[in-house]
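Worth knowing before you read on, the calculation uses all heavy atoms, side chains too, and leaves out hydrogens, waters and symmetry mates.
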Amino acid sequence: MIHELDIEDLYENAPCGYLSVLPDMRIVRLNSTLAGWLGFEIDALIGTDFTQLLTAGGRIHYETHFGPILRMYGQLDGIAIDFVTSDRRRLPVFMTANVKTDETGTPVLIRITALDARDRRTYERELLESRTRAQLLAKTLQRSLLPPALLPPSGMTAAAHYHAASSDEVGGDFYDLFPLSDDRWGFFLGDVCGKGASAAAVTSLTRYTLRAAAVYDHDPVAVLHNLDSVLRQEFRENDAQFCTAVFGVLSRSAGGFEVSMASGGHPPPLVMRADGSAHYVHMTGGQLVGILRHARFVPATVTLSAGDTLMLYTDGLTEARVGTGRYDDEGALLEFATAHAPAAPAAIVENLRVLLNSFGDGLADDAAVMALGVSSVESGEG
């Protein structure tokens with residue numbers, strides 16, 4: 001049977017702080033645990049105003065928010081608040097309180113329990129700092145996987161945008177535009193399966209393999225086969241890594257550029273014409289790069305004249321959630337391109353950036369967009 005002495009010891013030396021306060025906020029009792037945390041003798045606090053134990057901000061919150069809730073509902077559950085110790089340090093606690101009433105329902109006492117939250121706050125602060133460091137590392141790594149600048153030929157402009165769905169992870173989307181020789185330029189845009197460090201490794205390997213392969217072979221299909229071989233050799237069947245990609249080569253033609261491309265399982269590019277029309281480049285049937293023994297990659301050729309723009313994108317854009325479906329379920333992207341044609345690369349990429357931001361939480365995957373356009377003769381753009 002528990003003796004009164006045991007009950008008193010349980011109150012005084014409990015692993016939490018106990019406090020009893022009159023309706024006018026005068027302290028009438030507190031236990032040794034709380035007094036020790038605060039660095040006061042118990043008698044020094046009896047009769048003092050409870051709110052004087054709180055920080056200035058804590059007093060404001062109590063008087064304007066916590067106090068009214070306590071009076072209205074008769075209890076508070078697990079609020080975070082800071083006490084002030086005798087040496088003016090902050091003591092973070094989780095505070096729970098309830099009101100004792102007499103037979104008429106009139107409040108006669110407020111019972112308060114305080115749990116020491118110092119370790120929890122330290123943990124939360126360390127967790128936040130760790131997350132911040134991880135986000136910074138992810139952003140730095142992501143920047144290293146994207147080109148510092150696109151390098152279009154004279155007579156052409158280019159723009160690109162990368163939208164990260166998460167600030168904590170490195171995505172797998174990639175793109176680039178670079179010179180191959182005096183009269184040819186290579187470009188690509190694609191999406192590695194997965195996220196994080198493993199996707200970053202594949203993205204890095206993919207990017208540099210495409211650039212290197214294009215130097216030795218200007219056939220886009222051959223370049224994708226080269227990448228396919230590298231990925232299958234580097235990552236065996238039990239650790240298969242793959243991507244989708246469009247690779248292309250630009251060469252000058254009369255009044256513009258000829259664009260030779262190949263697709264490996266990637267969404268088809270869009271061409272926005274100077275006359276205000278827009279259409280997809282038909283590249284259906286291309287298969288994923290890096291996972292199949294005899295993958296098929298589909299070629300296509302288009303000509304870009306003055307005022308025309310080629311737009312490439314990853315499926316993070318087309319598969320963004322809108323309502324109960326996906327953004328491009330009803331052909332919304334083609335409508336978007338038609339509505340904005342003609343458009344220079346910088347303009348259409350900016351419009352796409354705004355569109356991506358508008359999806360909010362509906363954008364579950366990273367998205368990359370890149371546009372290449374022949375400078376308009378009338379505007380002298382370039």
Side-chain angles (χ1 to χ4, degrees), residues 145-162 173-191 203-227 230 243-264 266-274 280-281 283 286 289 297-314 342-349 352 368-377 379-382:
L145 298 174
L146 299 173
L150 301 178
L151 302 173
S154 61
M156 177 173 274
T157 60
H161 174 66
Y162 179 87
D173 293 8
F174 57 90
Y175 58 81
D176 205 349
L177 169 61
F178 51 95
L180 292 171
S181 63
D182 291 341
D183 59 354
R184 291 179 187 271
W185 291 259
F187 67 89
F188 55 79
L189 181 140
D191 183 5
T203 300
S204 179
L205 177 62
T206 297
R207 182 165 178 255
Y208 291 107
T209 298
L210 287 173
R211 290 188 66 127
V215 172
Y216 297 101
D217 197 326
H218 294 166
D219 176 9
V221 172
V223 171
L224 288 185
H225 275 299
N226 187 298
L227 173 63
V230 169
C243 69
T244 68
V246 171
F247 178 85
V249 174
L250 302 169
S251 57
R252 295 189 186 277
S253 63
F257 288 84
E258 183 177 87
V259 187
S260 298
M261 293 178 285
S263 174
H266 199 80
L270 272 160
V271 175
M272 304 170 65
R273 295 296 185 187
Y280 284 109
V281 179
M283 305 177 74
V289 185
F297 305 126
V298 177
T301 300
V302 297
T303 299
L304 298 180
S305 301
D308 294 343
T309 295
L310 179 70
M311 186 177 86
L312 302 98
Y313 53 92
T314 57
I348 191 61
V349 167
L352 287 167
V369 294
M370 182 169 68
L372 318 175
V374 182
S375 303
S376 171
V377 175
S379 65
E381 177 193 3

Which pair of heavy atoms, one from Gly190 and one from Thr314, lies closest together, and at what distance? O-CG2, 3.5 Å
Is there a side-chain contact between Val230 and His225 in this structure, where contact means two heavy atoms from C-beta onward sitting under 4.5 Å apart? no
Below 4.5 Å, heavy atoms only, C-beta onward: do Leu180 and Trp185 meet side chain to side chain? no
Would Leu227 and Cys243 count as a side-chain contact (heavy atoms from CB on, under 4.5 Å) here? Give the steps. CA-CA 10 Å; Leu227 173 63; Cys243 69; 4.1 Å; yes
Closest heavy-atom pair and its distance - Glu258, Ser253: N-OG, 3.7 Å
Starting at CG of Asp308, measure out to OG of Ser376 and round the result to the nearest 0.5 Å. 10.0 Å
Could you tell me the separation between the CZ atom of Phe174 and the CG atom of Leu189, rounded to the nearest 0.5 Å? 7.0 Å
Does Val271 offer a backbone N or O that forms a donor-acceptor pair with the side chain of Tyr280 under 3.5 Å? no
Checking Leu177 against Leu250 for the side-chain contact (heavy atoms from CB on, under 4.5 Å) test, could you report, in this order, the C-alpha distance in whole Å, the side-chain angles of both residues, the deciding distance, and whether it holds? CA-CA 10 Å; Leu177 169 61; Leu250 302 169; 4.0 Å; yes
Taking the side chain from Thr309 and the backbone from Ala343, do they hold a donor-acceptor pair closer than 3.5 Å? yes
For Val259 and Val302, what are the C-alpha separation, side-chain angles and deciding distance, and is it a side-chain contact (heavy atoms from CB on, under 4.5 Å)? CA-CA 5 Å; Val259 187; Val302 297; 3.8 Å; yes
Under a 4.5 Å cut-off applied to non-hydrogen side-chain atoms, are Ser154 and Arg252 in contact? yes
When rounded to the nearest 0.5 angstrom, what is the spacing between CG in Leu224 and OG1 in Thr209? 11.5 Å
Test log, rule side-chain contact (heavy atoms from CB on, under 4.5 Å), inputs Leu312 and His266: CA-CA 10 Å; Leu312 302 98; His266 199 80; 6.0 Å; no
Are Leu210 and Asn226 close enough that some pair of their side-chain heavy atoms sits under 4.5 Å apart? no
Can you tell if the side chain of Leu352 reaches within under 4.5 Å of the side chain of Tyr313, non-hydrogen atoms only? no
Is Ser260 reaching over with its side chain to a backbone N or O of Thr301, donor-acceptor style, under 3.5 angstrom? no
Closest non-hydrogen atom pair, Phe187 against Val249: CE2-N, 3.9 Å
Search all heavy atoms of Gly264 against all heavy atoms of Phe297 and return the closest pair with its distance. CA-CD2, 3.7 Å
Which atoms form the tightest heavy-atom contact between Pro345 and Gly373, and what is the distance? CG-N, 3.2 Å
Under the side-chain hydrogen bond (donor to acceptor under 3.5 Å, both in side chains) definition, can you give me all pairs with a residue in residues 211-224, not counting sequence neighbours? Asp176-Arg211, Arg184-His218
Spatial distance of atom CD1 (Ile348) from atom CG (Leu372) [nearest 0.5 Å]: 13.0 Å
Quick check: closest heavy atoms across Ser181 and Asp183, and the distance to 0.1 Å? OG-OD1, 2.9 Å
